[in-house]
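To start, the structure itself, in structure tokens.
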Amino acid sequence: MHIIIAALFVVIVIVLLIPTIARGDAKVSCVFKESCILPCSFQGDIEEDPYIHWMHLSEGHPLVYLHYDNKEQLTTQDQQFRNRTSLFKDQLSRGNASLQLAGVQVQDEGRYSCYISTDNREKESFIDLEMHTPVKVSIQHVGNRITCSSEGIYPEPELTWSTRPPSKVSFKNTTTVEQTKQQLYNINGSLIASLDESDRVYSCTVSTQRNRRRASLRQLQQINGSDLEATISCSSSNTSLMSLIWRFNHSQIIVSRSGPSDNYTVSERWKQHVKGVSESGNLILKYLSSDQDGIYSCEISDADETVITETCMRISEGNSAKVGVTIGVVSVLALFLILCCKKKRDKLEDK
Ligand SMILES: *[C@@H]1O[C@H](CO)[C@@H](O)[C@H](O)[C@H]1NC(C)=O
Ligand SMILES: *[C@@H]1O[C@H](CO)[C@@H](O)[C@H](O)[C@H]1NC(C)=O
Ligand SMILES: *[C@@H]1O[C@H](CO)[C@@H](O)[C@H](O)[C@H]1NC(C)=O
Ligand SMILES: *[C@@H]1O[C@H](CO)[C@@H](O)[C@H](O)[C@H]1NC(C)=O
Ligand SMILES: *[C@@H]1O[C@H](CO)[C@@H](O)[C@H](O)[C@H]1NC(C)=O
Ligand SMILES: *[C@@H]1O[C@H](CO)[C@@H](O)[C@H](O)[C@H]1NC(C)=O
Ligand SMILES: *[C@@H]1O[C@H](CO)[C@@H](O)[C@H](O)[C@H]1NC(C)=O
Ligand SMILES: *[C@@H]1O[C@H](CO)[C@@H](O)[C@H](O)[C@H]1NC(C)=O
């Protein structure tokens with residue numbers, strides 16, 4: 001009995017699915033602002049002048065493209081598609097009536113029909129256009145709040161947090177989503193982290209149906225650098241396949257490399273302080289002073305993830321600075337004396 005019901009169920013499902021399969025719309029996945037080709041073709045060559053009619057099957061069935069008398073006929077073309085459509089003229093005689101649509105936007109999503117006819121043949125086919133954007137995610141922290149944001153993405157994204165190793169404490173998270181005029185989404189999330197548990201990685205993942213990207217933040221302990229040389233570590237993972245940027249105080253770029261086979265570029269401002277970058281991405285600095293006290297962040301990215309490792313460094317005066325310190329002490333003493341004298345004199349004058 002159960003078997004019969006199951007069999008019936010399968011048959012029903014198949015019968016229901018057939019129209020969808022049979023509809024056989026071609027699916028095209030387009031990237032926001034880029035050009036996209038909507039495929040449409042006729043079997044065999046087209047000798048005579050074909051009539052080609054492209055329509056968007058949205059409300060009102062706006063005209064996308066029209067071609068007859070051997071030329072495009074665009075006076076009745078819908079405003080939405082103005083200046084953005086073209087056929088491949090050299091391909092027409094081969095029965096290829098594919099449409100190139102430039103600057104794809106959210107409104108262009110949906111079903112299209114392509115109708116071709118010649119004196120003795122005609123054909124209509126349907127194309128489903130879906131649009132998406134790449135996903136970029138940025139993560140940063142201010143105090144113990146970590147914020148994560150991603151802008152201009154489509155379709156609607158989701159934001160999730162995770163930690164490595166997994167955190168037992170459940171963190172409070174807030175997420176807001178807004179839609180821009182172009183119908184793209186901006187998403188923001190934040191959580192309060194316990195950054196004193198150093199070496200825990202906080203990750204934020206923004207995902208759409210098509211794309212996803214993760215940004216992670218790892219805060220290392222404070223280190224005390226010597227003025228002679230200091231090494232700041234980046235990450236234990238294999239950096240040989242990734243792009244890498246070292247930043248100071250979240251803004252100044254110290255060194256960067258855009259790909260694994262590129263050389264590192266050292267910014268002019270940091271040339272005198274950069275001794276090198278190790279194979280694993282560690283930054284080696286030299287000739288330091290308290291001017292270089294601050295936050296060093298290493299940002300490595302691959303196709304799926306960006307990992308930012310932050311280290312706070314304080315330079316402790318040492319070896320090479322001894323002469324400098326002596327001079328420094330002398331000058332401070334001198335300054336002190338001058339100020340003291342001035343104060344005394346001021347006091348005397350006040351009286
Ligand atoms: C299309 O291009 C023409 C000429 O470059 C321009 O005058 C017109 O405003 C454009 N139309 C749209 C809808 O962008
Ligand atoms: C039609 O022409 C376009 C542009 O050259 C090409 O990308 C596409 O593959 C062609 N389609 C067919 C069915 O030949
Ligand atoms: C965000 O917090 C809510 C409860 O406040 C929780 O249900 C949800 O799973 C959290 N989301 C993520 C991605 O951590
Ligand atoms: C995300 O955060 C920034 C800075 O706090 C704010 O300016 C922006 O409006 C926020 N966006 C959303 C979608 O909440
Ligand atoms: C760095 O120096 C400070 C003060 O001099 C000290 O308290 C701290 O323990 C030192 N940290 C490390 C990692 O050596
Ligand atoms: C990093 O990856 C490269 C290329 O796949 C490989 O040659 C190298 O041995 C790896 N290094 C480490 C430390 O895993
Ligand atoms: C990297 O540096 C080496 C040695 O200075 C040079 O030969 C090579 O052309 C550089 N490569 C790139 C991609 O700039
Ligand atoms: C860098 O940041 C540290 C700590 O926030 C600050 O003390 C220092 O003045 C900053 N340095 C520069 C050059 O902005």
Side-chain angles (χ1 to χ4, degrees), residues 24-31 33-46 50 52 54 56 62-67 72-105 107-108 112 114-116 121 123-127 129 140-145 182 195 217 219-225 227 230 232 246-255 267-274 283 285 287-298 308-317:
D25 288 11
K27 288 225 186 310
V28 187
S29 180
C30 304
V31 180
K33 279 193 170 164
E34 294 189 359
S35 278
C36 202
I37 295 174
L38 308 189
C40 177
S41 59
F42 223 35
Q43 289 270 297
D45 291 355
I46 298 180
I52 297 165
W54 273 94
H56 190 204
L63 178 72
V64 178
Y65 193 90
L66 186 58
H67 175 106
E72 44 184 37
Q73 310 282 350
L74 299 181
T75 47
T76 55
Q77 184 185 43
D78 192 89
Q79 193 67 20
Q80 182 185 339
F81 299 98
R82 274 282 144 79
N83 295 346
R84 297 169 53 216
T85 55
S86 55
L87 294 188
F88 299 95
K89 298 277 152 57
D90 54 327
Q91 299 274 326
L92 262 187
S93 59
R94 276 179 243 166
N96 184 346
S98 300
L99 181 82
Q100 173 152 287
L101 181 61
V104 173
Q105 49 198 29
Q107 297 90 298
D108 298 337
Y112 288 77
C114 163
Y115 174 80
I116 317 177
R121 292 188 295 168
K123 183 189 171 192
E124 183 170 28
S125 49
F126 299 93
I127 295 93
L129 189 157
Q140 61 186 150
H141 77 102
V142 179
N144 62 350
R145 179 179 289 277
Q182 292 173 308
L195 287 170
L217 189 68
Q219 206 176 37
L220 290 180
Q221 258 153 355
Q222 188 161 327
I223 60 166
N224 296 327
D227 50 357
I232 311 171
W246 271 101
R247 284 199 176 82
F248 177 63
N249 275 6
H250 303 302
S251 52
Q252 288 175 34
I253 289 179
I254 305 171
V255 290
S267 78
E268 205 53 50
R269 194 166 179 170
W270 281 84
K271 263 200 174 121
Q272 53 170 328
H273 298 301
V274 174
L283 179 66
L285 296 173
Y287 308 140
L288 301 169
S289 71
S290 57
D291 287 347
Q292 280 80 48
D293 281 0
I295 295 160
Y296 289 79
S297 44
C298 160
I308 299 173
T309 303
E310 290 187 345
T311 307
C312 185
M313 182 165 75
R314 283 183 54 106
I315 306 302
S316 53
E317 306 252 301

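Both ligands and their constituent atoms are indexed starting at 1 by order of listing.
For atom 7 (O) of ligand 1, no protein heavy-atom neighbour is present inside the 4.0 Å cut-off. Using a 4.0 Å threshold on non-hydrogen atoms, atom 2 (O) of ligand 1 counts as touching the protein.
With 3.5 Å as the limit, one finds a donor-acceptor pair spanning the side chains of Gln80 and Asp108. For the residue pair Asn96 / Ser98, a side-chain donor-acceptor distance below 3.5 Å is found, with atom types taken as modelled.
Protein heavy atom at the shortest distance from atom 4 (C) of ligand 8 is Gly294 CA, 4.4 Å. Protein heavy atom at the shortest distance from atom 12 (C) of ligand 1 is Asn83 ND2, 3.4 Å. In terms of protein heavy atoms, atom 13 (C) of ligand 2 is closest to Ser41 OG, 3.9 Å. For atom 11 (N) of ligand 2, the nearest non-hydrogen atom of the protein is Asn96 ND2, 2.8 Å.
Heavy-atom proximity to Gln79, at under 4.0 Å, picks out these atoms of ligand 1: 13 (C). Close approach of ligand 2 to Gln91 (heavy-atom distance below 4.0 Å) involves ligand atoms 1 (C), 2 (O), 5 (O). Contact atoms of ligand 8 toward Asn249: 1 (C), 2 (O), 3 (C), 8 (C), 10 (C), 11 (N), 12 (C), 14 (O) (distance under 4.0 Å to a heavy atom of the residue).
If you take SG on Cys114 and CZ on Phe42, they are separated by 9.5 Å, rounding to the nearest 0.5 Å. Here CD1 of Ile127 is found 11.0 Å from NE2 of His56. Values are rounded to the nearest 0.5 Å. Put simply, NE2 on His141 and NE2 on His250 are 5.0 Å apart, with the number rounded to the nearest 0.5 Å.
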Requested in this report: Please assess Phe248 against Tyr296 for the test ring pair (Phe, Tyr, Trp, His ring centres under 6.0 Å), listing each intermediate value before the final yes or no.
Outcome: CA-CA 5 Å; Phe248 177 63; Tyr296 289 79; 5.0 Å; yes
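Listed here is the closest heavy atom pair of Leu66 and Leu74: N-CD2, 3.9 Å.
The part of Asp293 lying near ligand 8 is the backbone, judged by heavy-atom distances below 4.0 Å.
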